[in-house]
Amino acid sequence: MVSLKSDFFYEQGSFSSIKIFVLLLLNSILQKASSGCSNSVSNSLVPFPPHQILSSLQTLPLDGHFSLMNNGDAAKDFGNMHHFPPLAVLHPKTVSDISSTINHIFEMGFASELKVAARGHGHSVQGQAQAHGGLVINMESLKGPEMNVHNGEFPYVDVSGGELWINILHETLRHGLAPKSWTDYLHLTVGGTISNAGISGQAFKQGPQINNIFQLEVITGKGDVVTCSANRNADLFYGVLGGLGQFGIITRARISLEPAPKTVKWIRVLYSEFSTFTRDQEYLISLKDTFDYIEGFVIINRTGILNNWRSSFDPKNPLQASQFNSDGKTFYCLEMAKYFNPDGVEVMNQSVDHLLSKLSYVPSTLFLSEVSYVEFLDRVHVSEKELRAKGLWEVPHPWLNLLIPSSEIHHFAEQVFGNILKDTSNGPIIIYPVNQTRWNRKTSLVTPEEDVFYLVAFLSSAVPNSTGADSLEHILAQNKRIIDFCTHAQLRVKQYLPHYSTEEEWKAHFGSLWEKFVERKRAYDPLSLLAPGHRIFQKAVSTAC
């Protein structure tokens with residue numbers, strides 16, 4: 001670790017903070033003079049050299065600190081495909097550390113050219129939390145007030161934006177409560193997931209995580225600290241939810257809670273026909289009294305499917321299950337869960353039996369398990385440990401996530417599962433429907449215009465130095481074929497965790513919501529300082545004087 005102060009004086013001798021102040025003042029005057037009353041932003045000013053920017057940041061009285069060296073972690077993410085080193089990393093201890101830093105950069109004006117990315121647990125896959133030559137804020141170092149759980153008619157928990165969901169789960173369970181909506185992987189930060197949406201098998205019933213937030217504390221691209229909710233600064237509130245970090249950095253969130261169950265009945269069944277599989281999925285999410293969690297996944301050319309489940313699940317009929325033969329075919333797994341407490345076992349079993357009696361799965365493939373609520377929600381972490389032990393966790397993850405209207409899912413499946421991926425897949429393919437009525441249309445998240453739509457996630461992992469079907473190049477080419485098919489077939493598909501390289505692609509993604517998105521950017525981050533990794537706004541947005 002090297003302090004900014006020592007680095008500054010090493011390079012510049014007696015160059016003082018007064019000179020920095022003069023430079024900033026001159027820059028501000030030049031900026032105003034060059035812009036006049038034009039409706040466009042002038043970018044003709046000579047940018048400050050990086051060392052002058054860092055030196056000016058040194059004048060800030062912070063509780064945290066900057067690091068200039070050994071910032072390799074900030075130059076990578078879970079995707080492991082993009083590596084953009086930042087100029088510096090801020091390790092804040094307080095909200096004021098972040099707001100002061102961003103306000104300082106904002107006041108420097110266009111000549112700073114310094115972009116800022118908030119990084120949580122680094123689980124983005126396309127470099128979204130990186131800032132090439134910019135400033136990365138390590139949100140996990142933010143030390144806000146302790147988690148505060150409130151009981152009552154509408155229980156909630158107040159948490160830091162850099163808090164992990166797994167920690168929230170453990171803390172709220174101490175009060176017999178838990179958040180309503182989750183992601184499949186809990187070792188992610190609050191600010192990271194609700195900047196996107198936060199989707200899992202509860203979303204058909206509870207909506208995504210962004211539908212279960214009462215209030216936010218946000219630092220805008222101007223450095224302003226703003227408390228917002230549906231009734232207070234509502235435009236910023238809805239803009240930040242699903243806003244890809246473009247309008248502000250989430251430093252605190254008030255999350256809706258509900259009574260937590262203790263145990264989960266976890267069920268898996270297989271289908272050989274896609275139409276039957278989707279019909280049953282859509283039937284289940286249409287019911288008022290149904291499972292609490294519904295997901296599915298595609299199994300392409302995998303043998304010994306049921307044998308792989310036996311360590312965690314028991315077959316309903318062991319004899320029938322032993323006679324099942326996948327024979328290298330494509331199958332579709334419906335995964336369901338029913339939450340319950342020990343005193344409600346009988347009612348739960350009756351409900352599960354009734355729901356299963358209405359489905360048309362392959363009878364010999366009914367597998368069941370009972371696990372604790374925590375075990376169920378944190379199930380992916382078990383797989384993570386296994387993959388880390390084998391050295392297969394920190395590999396490239398060229399994931400592709402799509403939201404597809406129900407009316408187009410069969411055409412999509414026929415081409416993608418039956419042609420593009422007919423022989424094999426390089427990782428899990430998750431597929432399940434959600435109800436549009438459970439999603440708040442005021443947020444920045446873009447979804448297909450249909451009552452029911454599917455999340456289809458291709459969670460591929462590439463083997464380093466491979467030249468075969470499991471190589472990064474092959475998987476990226478496969479993803480491109482899927483996207484090209486959707487485009488040529490004119491399917492009304494939207495990317496979830498979107499990644500585009502041009503403004504025209506982003507305009508097409510947001511559609512009629514693009515102008516509103518730009519208006520919010522202009523209002524809350526006019527210099528386009530925030531979240532440069534998405535490559536939505538490369539330069540400051542135009543503004544009127």
Side-chain angles (χ1 to χ4, degrees), residues 92-95 120-123 138-203 205-217 227 229 241 250-266 291-293 295 312 337-345 347-348 369-385:
K93 286 187 177 180
T94 65
V95 170
H121 210 54
H123 209 261
N138 176 18
M139 295 301 295
E140 288 189 283
S141 73
L142 179 62
K143 303 299 182 185
E146 295 294 324
M147 275 188 271
N148 198 349
V149 177
H150 293 256
N151 289 281
E153 184 179 0
F154 301 103
Y156 64 84
V157 58
D158 282 327
V159 301
S160 167
E163 191 62 78
L164 297 180
W165 284 98
I166 183 64
N167 296 336
I168 297 171
L169 173 62
H170 288 303
E171 177 62 23
T172 56
L173 285 178
R174 292 176 58 244
H175 301 263
L177 300 166
K180 299 176 181 178
S181 191
W182 299 96
T183 54
D184 286 332
Y185 182 62
L186 303 188
H187 296 253
L188 305 170
T189 59
V190 168
T193 64
I194 62 180
S195 290
N196 289 281
I199 306 176
S200 185
Q202 302 89 0
K205 184 184 244 182
Q206 303 287 5
Q209 290 179 325
I210 58 175
N211 267 45
N212 296 280
I213 304 298
F214 288 151
Q215 182 176 286
L216 296 172
E217 179 184 74
T227 299
S229 66
L241 296 174
I250 298 167
T251 52
R252 198 144 185 88
R254 179 167 292 178
I255 303 166
S256 177
L257 303 176
E258 66 178 357
K262 295 186 182 300
T263 315
V264 175
K265 174 77 81 172
W266 190 4
F291 291 102
D292 298 293
Y293 162 98
E295 283 195 10
S312 303
K338 192 74 171 176
Y339 305 154
F340 67 100
N341 290 316
D343 58 354
V345 173
V347 173
M348 179 277 298
S369 179
E370 285 189 15
V371 297
S372 73
Y373 187 54
V374 173
E375 284 180 284
F376 176 72
L377 291 180
D378 202 29
R379 62 198 179 279
V380 176
H381 191 50
V382 176
S383 299
E384 176 189 352
K385 291 178 180 178

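The residues of the chain are indexed from 1 along the displayed sequence. What you see is a predicted model, and the numbers here were worked out from it, not measured in a lab.
Partners of Lys143 according to the side-chain hydrogen bond (donor to acceptor under 3.5 Å, both in side chains) rule, which considers only residues two or more places apart in sequence or in another chain, do not exist here. Under the rule for a side-chain contact (heavy atoms from CB on, under 4.5 Å), the partners of Thr94 that lie at least two apart in sequence or sit in another chain are Asp63, Ser96, Asp97. Every side-chain hydrogen bond (donor to acceptor under 3.5 Å, both in side chains) that Ser372 has, sequence neighbours left out, goes to Glu375. Glu258 is linked by a salt bridge (Lys or Arg N to Asp or Glu O under 4.0 Å) to nothing, counting only residues two or more places apart in sequence or in another chain. Applying the side-chain contact (heavy atoms from CB on, under 4.5 Å) rule to Ala203 yields the partners Ile199, Val434, Trp439; only residues at least two apart in sequence or on another chain are considered. Scanning for salt bridge (Lys or Arg N to Asp or Glu O under 4.0 Å) contacts around Glu217 gives an empty result, with sequence neighbours left out. In this structure Arg254 satisfies the side-chain hydrogen bond (donor to acceptor under 3.5 Å, both in side chains) test together with Asp158, sequence neighbours excluded. For Tyr293, the ring pair (Phe, Tyr, Trp, His ring centres under 6.0 Å) partners at least two apart in sequence or on another chain are Phe376. Take His123 and apply the side-chain hydrogen bond (donor to acceptor under 3.5 Å, both in side chains) test, not counting sequence neighbours, and it matches no residue. Not counting sequence neighbours, His175 has no partner by the ring pair (Phe, Tyr, Trp, His ring centres under 6.0 Å) test. Applying the salt bridge (Lys or Arg N to Asp or Glu O under 4.0 Å) criterion to Asp292, with sequence neighbours excluded, gives Lys205.
A 6.0 Å sphere centred on NZ of Lys262 holds no more than 12 heavy atoms belonging to other residues, nucleotides or ligands.
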Kindly list each side-chain donor-acceptor pair under 3.5 angstrom involving residues 146-153, sequence neighbours excluded, with atom names and distances?
residue: His150; atom: ND1; partner: Tyr156; partner atom: OH; Å: 3.4

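Between the CG atom of Leu257 and the CG atom of Asn212 there is a distance of 9.5 Å, given to the nearest 0.5 Å.
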